[in-house]
**Q** 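Here it is: the structure, laid out below.
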Amino acid sequence: MIKDFVLNNGIKVPAVGYGTYLSTEGGEEALKLALEAGYRFFDTASFYKNETELGKVLKASGILRADLQISSKMWRTEMGYEQTKKACNESLERLKTDYLDIYLIHWPKQDNYGDDWKDILRQTWKAMEELYADGKIKALGLSNFLPHHLDVILDCAKIKPVVNQLELHVGYMQNAAIEYTKKNDILVQAWSPLGRQRVLNEPIVIQMAEKYKVTPAQFLLAFLNQQEIMVLPKASTLERMKANLQFDGISISKEDMLFLMCLPQMGWSGEHPDFV
């Protein structure tokens, strides 16, 4: 059974959202196909440079705004009190919406050198809480926050974050970050849950997917969902988009789950929040 999730503020989110990074390189077609496939949760960011296209496609779809969930993120250069408010308002304008379902801090640090990153985080969170009070954000979130970053927010927050996006896939399971996030009643979302082609094409992944009679992508998504992690896969064809929503009925054995969790590192993007 595919597990949907309820955030710590009572909002329900699906097990699978559509990750829009690089989705508009060939135009708006992939976004339209994602709607056709059945996606209703869309994850974007100012850095993705596709908020305008996403807003246009969602508006033209005729689907009620209340039936859609839009998540966006501010970039490193947009952090800080005034900058955060400006960034959020600009995202709202590009997306042609009055509110964001979730607004996230994309990375915890602006650069490798400043020793004031904690103060910048606190000011950023204060601005987000005020945007929440104004009704422009329904829920606040984080992306790429490890435990020592998360503590800064938890120590100052009046409104708790509801999600923490992390790069997670077979061969790169940040278990300490997952455990700490869950311990604080924050939903873990996986970006790059398929590990790009690097993991999808791994012989062991292909072999185990064949064992369960599913595609490698479905197998990798089921592996994360079974750990109560929301996934944000990317796909460019309607067939693959639909397949990524259809891993119901896959139940990976305890032995295989433990085996997968102990595989050597593979498919890491090379991005780390403490080394910009």
**Q** Can you tell me how far the CG atom of Leu104 sits from the CE atom of Met74, to the nearest 0.5 Å?
**A** 8.5 Å

**Q** CD1 of Ile229 to CG of Leu221: how many Å apart, nearest 0.5 Å?
**A** 11.5 Å

**Q** Considering only distance and modelled atom types, tabulate donor-acceptor pairs under 3.5 Å from the side chains of residues 145-152, sequence neighbours left out.
**A**
from   : atom 1 : to     : atom 2 : distance (Å)
His148 : NE2    : Asp274 : OD1    : 3.4
His148 : NE2    : Asp274 : OD2    : 2.9
His149 : ND1    : Leu146 : N      : 3.0
His149 : NE2    : Asp274 : OD1    : 2.8
Asp151 : OD1    : Tyr180 : OH     : 2.5
Asp151 : OD2    : Tyr180 : OH     : 3.2

**Q** Can we say Lys96 and Glu93 salt-bridge, meaning some charged N sits less than 4.0 Å from an Asp/Glu carboxylate O?
**A** yes

**Q** State, to 0.1 Å, how close Leu121 and Ile153 come at their nearest heavy-atom pair, and which atoms those are.
**A** O-CD1, 4.2 Å

**Q** Measuring from Ile178:CD1 to Leu168:CG, what's the distance to the nearest 0.5 Å?
**A** 4.5 Å

**Q** Does a sphere of radius 6.0 Å around NZ in Lys56 hold more than 12 heavy atoms from other residues, nucleotides or ligands, not counting ones at 6.0 Å or beyond?
**A** no

**Q** Is the count of non-hydrogen atoms from other residues, nucleotides or ligands lying under 6.0 Å from Lys182 atom NZ greater than 12?
**A** yes

**Q** Looking only at atom types and distance, does a side-chain atom of Tyr39 sit under 3.5 Å from a main-chain N or O of Leu33, one as donor and one as acceptor?
**A** no

**Q** Taking CD in Glu255 as the centre, count heavy atoms belonging to other residues, nucleotides or ligands within less than 6.0 Å. Is the count above 12?
**A** no

**Q** Walk me through it: do Ser72 and Glu51 pass the test side chain to side chain contact (heavy atoms under 4.5 Å, CB included)?
**A** CA-CA 8 Å; Ser72 192; Glu51 289 174 313; 2.6 Å; yes

**Q** Compare every heavy atom of Tyr18 with every heavy atom of Ala235, then report the nearest pair and how far apart it is.
**A** O-OH, 2.7 Å

**Q** Around atom CG of Asp116, are there more than 12 heavy atoms of other residues, nucleotides or ligands at under 6.0 Å?
**A** yes

**Q** Minimum heavy-atom separation for Met128 to Gly141, with atom names?
**A** CE-O, 3.9 Å

**Q** Give me the atom names and distance for the closest heavy-atom approach of Gln165 to Ser71.
**A** NE2-OG, 4.2 Å

**Q** Side chains of Met173 and Leu224, heavy atoms from C-beta outward: is any pair under 4.5 Å?
**A** yes

**Q** Checking Phe259 against Ile204 for the side chain to side chain contact (heavy atoms under 4.5 Å, CB included) test, could you report, in this order, the C-alpha distance in whole Å, the side-chain angles of both residues, the deciding distance, and whether it holds?
**A** CA-CA 11 Å; Phe259 169 75; Ile204 188 61; 3.8 Å; yes

**Q** Quick one: are Gln69 and Lys138 in side-chain contact, heavy atoms under 4.5 Å?
**A** no

**Q** Is it true that Leu100 and Val163 fall in one hydrophobic cluster, defined by side-chain heavy atoms closer than 4.5 Å?
**A** no

**Q** Per the side chain to side chain donor-acceptor pair (under 3.5 Å) rule, which among Glu82, Gln83, Glu90 passes with Lys86?
**A** Glu90

**Q** Taking Met230 as the starting point, is it possible to reach Ile252 by hopping between hydrophobic residues whose side chains are less than 4.5 Å apart?
**A** no

**Q** Is there a side-chain contact between Arg40 and Leu35, using heavy atoms and a 4.5 Å cut-off?
**A** yes

**Q** Without swapping roles, check the side chain of Ser143 against the backbone of Trp107 for a donor-acceptor pair under 3.5 Å.
**A** no

**Q** Report yes or no: do Leu166 and Leu232 belong to one cluster of Ile/Leu/Val/Met/Phe/Trp/Tyr joined by side chain heavy-atom distances under 4.5 Å?
**A** no

**Q** Is it the case that atom OH in Tyr132 sees more than 12 heavy atoms from other parts of the structure closer than 6.0 Å?
**A** no

**Q** Kindly work out whether a path of hydrophobic side-chain contacts (I/L/V/M/F/W/Y, heavy atoms less than 4.5 Å apart) joins Ile105 to Trp191.
**A** no

**Q** For Gln123, which residues count as a side chain to side chain contact (heavy atoms under 4.5 Å, CB included) partner, sequence neighbours excluded?
**A** Tyr81, Lys126

**Q** State which residues pass side chain to side chain contact (heavy atoms under 4.5 Å, CB included) with Glu129; sequence neighbours excluded, sorted by chain then number.
**A** Trp125, Leu140, Ala157, Lys158, Ile159

**Q** Is Met208 close to Phe223 at the side-chain level, that is, under 4.5 Å between some pair of heavy atoms?
**A** no

**Q** Tell me, with the steps shown, if Lys242 and Leu238 meet side chain to side chain contact (heavy atoms under 4.5 Å, CB included).
**A** CA-CA 6 Å; Lys242 287 183 176 179; Leu238 183 62; 3.9 Å; yes

**Q** Can you check whether Leu68 reaches Thr97 side chain to side chain, under 4.5 Å on heavy atoms?
**A** no

**Q** Verify, without hydrogens or angle tests, whether Asn50 (side chain) and Thr20 (backbone) share a donor-acceptor contact under 3.5 angstrom.
**A** yes

**Q** Measuring only between side-chain heavy atoms, which start at C-beta, is Tyr212 closer than 4.5 Å to Ser253?
**A** yes

**Q** Mind telling me whether Phe47 and His106 have parallel, tilted or perpendicular rings, with 30° and 60° as the class edges?
**A** perpendicular

**Q** Are Leu54 and Leu95 close enough, and set up right, to give a side chain to side chain contact (heavy atoms under 4.5 Å, CB included), and what steps lead you there?
**A** CA-CA 7 Å; Leu54 179 58; Leu95 287 159; 3.9 Å; yes

**Q** Measure the spacing between OG of Ser236 and CD of Glu25 and express it to the nearest 0.5 Å.
**A** 10.5 Å

**Q** How would you list all residue pairs meeting salt bridge (Lys or Arg N to Asp or Glu O under 4.0 Å) that involve residues 63-79, not counting sequence neighbours?
**A** Asp43-Lys73, Arg65-Asp101

**Q** Ignoring hydrogens and geometry beyond distance, is a side-chain donor-acceptor pair present between Glu167 and Ser269 at under 3.5 Å?
**A** yes

**Q** Salt bridge or not between Glu36 and Lys32? Use side-chain N to carboxylate O under 4.0 Å.
**A** no

**Q** Identify every side-chain donor-acceptor pair in residues 5-17 under 3.5 Å, counting partners at least two apart or on other chains, and give the distances.
**A**
from : atom 1 : to     : atom 2 : distance (Å)
Asn8 : ND2    : Pro161 : O      : 2.9
Asn8 : ND2    : Asp185 : O      : 2.8
Asn9 : OD1    : Ile11  : N      : 3.2

**Q** Take atom CD in Glu271; do more than 12 heavy atoms of anything else shown fall under 6.0 Å from it?
**A** yes

**Q** So how far is it from Glu130 CD to Cys88 SG, rounded to the nearest 0.5 Å?
**A** 12.0 Å

**Q** Is Val199 linked to Val231 within one hydrophobic cluster, defined over Ile, Leu, Val, Met, Phe, Trp and Tyr using a side-chain heavy-atom separation of less than 4.5 Å?
**A** yes

**Q** How many angstroms lie between atom NZ of Lys109 and atom NE2 of His272, to the nearest 0.5 angstrom?
**A** 9.0 Å

**Q** For a quick test of reading the model, state the closest non-hydrogen atom pair linking Pro216 to Val205 and the distance between them.
**A** CB-CG1, 4.1 Å

**Q** Closest heavy-atom contact between Leu194 and Pro233?
**A** CD1-CB, 4.3 Å

**Q** I'd like to know whether Asn89 forms a side-chain hydrogen bond (donor to acceptor under 3.5 Å, both in side chains) with Lys136, so could you lay out the CA-CA distance, the side-chain angles of the two residues, the decisive distance to 0.1 Å, and finally the verdict.
**A** CA-CA 8 Å; Asn89 285 323; Lys136 294 184 177 182; 2.8 Å; yes

**Q** Could you tell me which residues satisfy side chain to side chain contact (heavy atoms under 4.5 Å, CB included) with Gln218, sequence neighbours excluded, listed by chain and number?
**A** Val214, Thr215, Ala243, Gln246, Phe247, Ile250

